[in-house]
Amino acid sequence: EQCPGARPSLQRSYPACRLTPSLCFAGGTYNPDTGAASKQECKQCTAGSYCEEGAAAPLLCEKGTYSNATNLTSPAECTPTDEGHYASTGSTNQTPCSPGTFVPDKSMGACIKCAAGTFQDMEGKLECKPCTAGSYCAEGAAAALPCKEGTYGNETMLKSADECLPCPPGSACGRGVVEPTPCSAGTVAPYHGMSTCSQCQVGKFQDELGERECKPCTPGYYCTKGAGAPRPCKEGHFSNATSLTSAANCTPTNPGFYALTGSTEQTPCSPGTVAPNANMSSCQKCKAGTFQQEVGATTCNKCKSGAYC
């Protein structure tokens, strides 16, 4: 039997002639070719796509949906993405948002960058976190970046390094600090933006916290490097200078004089006492049978005839 109306060169014998073509069955198949003779020539739909009845080509799942199945027949059968995930057009799987991005809703085709002042250090999240104090977060930050040395950040949600505050004089700011640290005794910070406090130089000291300048050493005392307090010249020594750097700079007393600890000058021995040597911390009383009526003497005199001492 021949199909009516066919050209003689294409005449073929069929049990029955089809007057209309049969579409590829619904259920996720397609055929891009013409002249197919049977349903076996229809091809399976591809993952990430759907194939309606009679499809000549797969149609991609829309952004925000996905599928790894190969038998979809409509876009409604593509799976919506979960919160924290996205899918571009034709996706076979949903993808978690990378750090620095988020997605608050389902069916999203792309993730949203974290706004400046926030960050997200994990993947697949629904929202971003406020930037921590002592740090700043640019747009799309995957981590909070610490304020640089010499600055501090006492508020959350800073957006850039420019919003970190300069460390004030009298204090130091290390990397990523929330508040300035006052300089300890023996150290100072004369300028803004210092990351560490500087030790007082020799001949100076600082006994208070949070100061900008060191003080001149006290007369009768000496000051080593980084001194938090002056150290007194030991007994038998003195000085009225304000720049001594060590105990060796203190002046020893002369014979006939003495000096207590921390003295600014030597003191002459009073009558009845003597200091026979240098470096004396006190004067010695004249022994019985001797006397001394002058100040600043080094020896006692024998008592005169006709008198007693």
Side-chain angles (χ1 to χ4, degrees), residues 150 167-174 179-309:
C167 208
S171 60
C173 298
E179 294 289 348
T181 301
C183 293
S184 60
T187 66
V188 293
Y191 310 114
H192 284 89
M194 294 190 68
S195 60
T196 58
C197 297
S198 302
Q199 285 188 319
C200 289
Q201 296 299 311
V202 291
K204 295 184 177 183
F205 77 102
Q206 181 50 260
D207 55 349
E208 298 181 79
L209 304 180
E211 293 299 319
R212 302 175 61 166
E213 297 179 348
C214 297
K215 304 174 182 178
C217 205
T218 307
Y221 291 73
Y222 64 94
C223 297
T224 58
K225 186 177 179 66
R231 296 181 180 182
C233 290
K234 65 182 181 179
E235 57 187 17
H237 294 75
F238 68 98
S239 178
N240 60 5
T242 58
S243 59
L244 301 193
T245 63
S246 71
N249 296 142
C250 298
T251 305
T253 59
N254 296 319
F257 294 80
Y258 74 97
L260 301 176
T261 301
S263 293
T264 59
E265 58 184 20
Q266 60 182 352
T267 303
C269 293
S270 60
T273 64
V274 293
N277 303 311
N279 304 335
M280 297 289 288
S281 61
S282 63
C283 297
Q284 302 171 353
K285 289 182 179 181
C286 289
K287 294 179 180 180
T290 64
F291 74 101
Q292 181 51 261
Q293 60 187 7
E294 302 293 334
V295 298
T298 59
T299 58
C300 295
N301 301 318
K302 289 181 179 181
C303 205
K304 295 178 180 180
S305 298
Y308 66 90
C309 301

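Just so it is clear, the structure is predicted and the values come from calculations on it, not from any experiment.
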Asker: Which residues pass the side-chain contact (heavy atoms from CB on, under 4.5 Å) test with Glu213, sequence neighbours left out?
Answerer: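 Glu213: no side-chain contact (heavy atoms from CB on, under 4.5 Å) contacts found.
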Asker: Check side-chain hydrogen bond (donor to acceptor under 3.5 Å, both in side chains) between Asn301 and all other residues, then give those that pass, not counting sequence neighbours.
Answerer: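 Residues passing side-chain hydrogen bond (donor to acceptor under 3.5 Å, both in side chains) with Asn301: none at all.
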Asker: Can you list the residues that meet the side-chain hydrogen bond (donor to acceptor under 3.5 Å, both in side chains) rule with Lys234, with sequence neighbours excluded?
Answerer: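 Lys234: no side-chain hydrogen bond (donor to acceptor under 3.5 Å, both in side chains) contacts found.
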Asker: Does any pair with a residue in residues 215-230 pass salt bridge (Lys or Arg N to Asp or Glu O under 4.0 Å), and if so which ones, sequence neighbours excluded?
Answerer: Asp207-Lys215, Glu208-Lys215
Asker: Could you check whether any side-chain heavy atom of Thr264 comes within less than 4.5 Å of a side-chain heavy atom of Phe238, counting everything from C-beta outward?
Answerer: no
Asker: Can you run down the side chain to side chain donor-acceptor pair (under 3.5 Å) pairs that involve residues 237-248, sequence neighbours left out, and say none if there aren't any?
Answerer: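 Qualifying pairs: Thr245-Asn249.
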Asker: Do the non-hydrogen side-chain atoms of Asn277 and Pro255 ever get within less than 4.5 Å of each other?
Answerer: no
Asker: Is there side-chain contact between Val274 and Cys300, with heavy atoms separated by less than 4.5 Å?
Answerer: yes
Asker: Check side-chain contact (heavy atoms from CB on, under 4.5 Å) between Cys217 and all other residues, then give those that pass, not counting sequence neighbours.
Answerer: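 side-chain contact (heavy atoms from CB on, under 4.5 Å) list for Cys217, sorted by chain: Tyr221, Cys223, Pro230.
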Asker: Hey, mind stepping through Phe205 and Cys214 against side-chain contact (heavy atoms from CB on, under 4.5 Å) and telling me if it holds?
Answerer: CA-CA 5 Å; Phe205 77 102; Cys214 297; over 6 Å; no
Asker: Do you know which two heavy atoms are closest between Lys204 and Pro216, and how far apart they sit?
Answerer: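 Shortest heavy-atom separation between Lys204 and Pro216 comes out as CG-CA, 4.4 Å.
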Asker: Which atom pairs, donor and acceptor, lie under 3.5 Å between side-chain atoms of residues 189-199 and protein residues at least two apart or in another chain?
Answerer:
none

Asker: For residues 279-296, which side-chain donor-acceptor pairs fall under 3.5 Å, sequence neighbours excluded?
Answerer:
unit_1, atom_1, unit_2, atom_2, d
Thr290, OG1, Lys287, N, 3.1
Thr290, OG1, Lys287, O, 2.5
Gln292, OE1, Glu294, N, 3.0
Gln292, NE2, Thr299, O, 2.7

Asker: Looking at Glu211 and Cys183, would you say the former's side chain and the latter's main chain have a donor-acceptor pair under 3.5 Å?
Answerer: no
Asker: State the OG1-CG distance between Thr251 and Leu244, to the nearest 0.5 angstrom.
Answerer: 7.5 Å
Asker: Between Val188 and Arg212, is a side-chain contact (heavy atoms from CB on, under 4.5 Å) present by the stated rule, with each step listed?
Answerer: CA-CA 5 Å; Val188 293; Arg212 302 175 61 166; 5.7 Å; no
Asker: What residues form a side-chain contact (heavy atoms from CB on, under 4.5 Å) with Thr261, not counting sequence neighbours?
Answerer: Pro232, Glu235
Asker: Indicate the atoms forming the closest heavy-atom contact of Ser171 with Pro168, along with that distance.
Answerer: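 Result for this residue pair: OG-O, 2.7 Å.
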Asker: Could I get the full list of side-chain contact (heavy atoms from CB on, under 4.5 Å) partners for Leu260, not counting sequence neighbours?
Answerer: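 Applying side-chain contact (heavy atoms from CB on, under 4.5 Å) to Leu260 gives Tyr258, Ser263.
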